[in-house]
Amino acid sequence: HTRCLSDWSSDVCSSDLVLWAVHSFTLFRFGDTDRFYHLALSKILALNGSFSLESLPQVDDLGWKNYFPDKEFLFHVFTSIGYRIAGENGAEIIVLLIAASGALALFFFSATLLPLWQAFLCAFSIFFTHSFVFRMTLLRPHVVSVPLFLFFLSALACKKSRSAGIFAGLFMLSYHAFYLPLIAIAAAMAFSFLEAEAEQKEIQKSCAYSLAGFFVGILINPYFPANVVMGWVHLQIPFLLNGSLKGVGFGMEAFPLNGPGLLKFFYLPFLILAGILY
């Protein structure tokens with residue numbers, strides 16, 4: 001499916017974005033097995049009138065009959081709310097609305113580095129990239145975590161301490177990749193030592209709030225400590241696929257795109273960015 005999608009999408013012109021997005025959302029979503037898992041879990045949560053589960057008896061083979069380690073708590077909170085309102089369509093609409101907020105989040109982040117008109121071009125050019133639009137129309141938890149992480153980066157870059165802490169916490173409630181905010185906080189802290197003393201204190205204050213929000217998000221997650229354990233397990237997948245599990249056909253999304261692939265799928269944002277820098 002991935003190979004067919006790649007070959008097909010390479011022939012799609014960016015001007016056909018809307019038609020392609022509608023087509024991908026109506027056709028390829030039915031080949032996405034994760035979609036059915038997330039919808040089923042949303043339905044169970046909606047019927048139970050809760051936002052978390054202690055166990056999932058329907059998946060006994062993984063031991064979830066005894067304990068269910070949901071690593072995407074906040075995502076399923078949103079989808080279950082949508083399901084309560086309008087069933088499967090409600091869950092999908094909620095996810096699409098959150099995905100659209102990704103453009104706003106990217107604009108805010110770009111605006112911390114560039115003039116507004118340049119930030120607008122950089123932020124919204126990514127939404128004229130068909131491979132990105134396809135990923136952001138899937139019913140997957142990254143659709144929630146991507147905007148939250150971008151809002152966190154924007155707040156951290158703007159030295160908005162409280163906002164950085166809030167979004168760091170929300171990100172940790174939405175996704176298992178605990179190492180991403182830690183990398184951002186460590187980088188900000190390192191760069192702070194290159195600034196003047198007053199600026200350094202502001203950056204370090206934002207880092208401290210971010211770190212506090214990070215730990216609060218981890219600890220108040222109803223699935224703690226499974227959220228940390230699952231994050232650690234997923235972090236090991238790329239290393240295992242290059243080692244003892246080499247050749248196993250799963251987890252390839254954990255690897256970054258190579259140079260040619262990156263240019264192939266994201267040539268438009270790179271061209272716009274090059275034009276702005278020129």
Side-chain angles (χ1 to χ4, degrees), residues 38 51-52 70-82 94-114 116 119-120 122-124 126-127 132 135-136 138-192 195 199-228 230-232 234-235 269:
H38 293 301
F51 292 126
S52 63
D70 187 3
K71 64 187 190 305
E72 294 126 8
F73 163 67
L74 195 58
F75 173 74
H76 291 132
V77 168
F78 291 134
T79 56
S80 65
I81 291 174
I94 287 283
V95 171
L96 282 177
L97 290 175
I98 294 172
S101 74
L104 189 61
L106 193 56
F107 171 71
F108 282 144
F109 178 62
S110 301
T112 65
L113 306 171
L114 299 167
L116 290 181
F120 179 86
C122 285
F124 288 91
I126 195 74
F127 282 84
F132 182 80
R135 291 292 298 174
M136 294 301 284
L138 292 174
L139 195 78
R140 300 281 189 91
H142 67 265
V143 175
V144 172
S145 62
V146 166
L148 287 176
F149 189 65
L150 288 171
F151 280 126
F152 161 65
L153 291 179
S154 301
L156 187 60
C158 292
K159 298 178 286 295
K160 302 291 185 182
S161 302
R162 294 180 180 178
S163 296
I166 290 171
F167 283 114
L170 289 174
F171 177 81
M172 290 314 304
L173 286 170
S174 70
Y175 209 55
H176 61 273
F178 62 84
Y179 40 87
L180 293 180
L182 287 180
I183 292 172
I185 293 168
M189 183 65 75
F191 280 112
S192 73
E195 302 290 341
E199 186 78 1
Q200 183 181 122
K201 289 182 177 179
E202 286 297 313
I203 296 173
Q204 291 176 353
K205 179 182 176 183
S206 295
C207 289
Y209 271 82
S210 299
L211 202 58
F214 168 84
F215 282 113
V216 169
I218 285 178
L219 295 173
I220 67 173
N221 191 312
Y223 296 98
F224 176 81
N227 52 337
V228 179
M230 294 296 286
W232 174 250
H234 279 73
L235 181 60

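Because the structure is predicted, anything quoted here is derived from the model rather than measured.
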Got a donor-acceptor contact below 3.5 angstrom from the S192 side chain to the Q200 backbone? no

Short side-chain to backbone donor-acceptor contact, N227 and I218, under 3.5 Å: yes

Start with the C-alpha gap between I81 and F51, add the side-chain angles, then the distance that decides, and say whether side-chain contact (heavy atoms from CB on, under 4.5 Å) holds. CA-CA 9 Å; I81 291 174; F51 292 126; 3.8 Å; yes

Report yes if some heavy atom in the side chain of [X] is under 4.5 Å from a heavy atom in the side chain of [Y]; otherwise report no.
X	Y	result
F214	L182	yes
E72	R140	no
I203	C207	yes
F78	V95	no
S145	F75	no
L74	L148	yes
Y223	K71	no
L116	F107	yes

Atom of [X], atom of [Y] and distance for their closest heavy-atom approach:
X	Y	value
Q204	M189	CG-SD, 3.5 Å
F178	V228	CE2-O, 3.8 Å
G217	L173	O-CD2, 3.4 Å
A164	A155	N-CB, 3.4 Å

Going from [atom1] on [X] to [atom2] on [Y], what distance comes out if it is rounded to the nearest 0.5 angstrom?
X	Y	atom1	atom2	result
I94	T79	CD1	OG1	9.0 Å
S163	L156	OG	CG	11.0 Å
K160	F167	NZ	CZ	12.5 Å
L96	S101	CG	OG	11.0 Å

F120: partners by ring-ring contact (aromatic ring centres under 6.0 Å, His included), with sequence neighbours left out: F124

Distance flag, aromatic centroids of F171 and F152, threshold under 6.0 Å: no

Which label fits H76 and H38: parallel for a plane angle under 30°, tilted from 30 to 60°, or perpendicular past 60°? tilted

Who are the salt bridge (Lys or Arg N to Asp or Glu O under 4.0 Å) partners of K205, not counting sequence neighbours? none

Test of understanding: with salt bridge (Lys or Arg N to Asp or Glu O under 4.0 Å), list the residues that count as partners of E199, not counting sequence neighbours. K159

Enclosure of Y179 OH (heavy-atom neighbours >12, cutoff 6.0 Å): yes

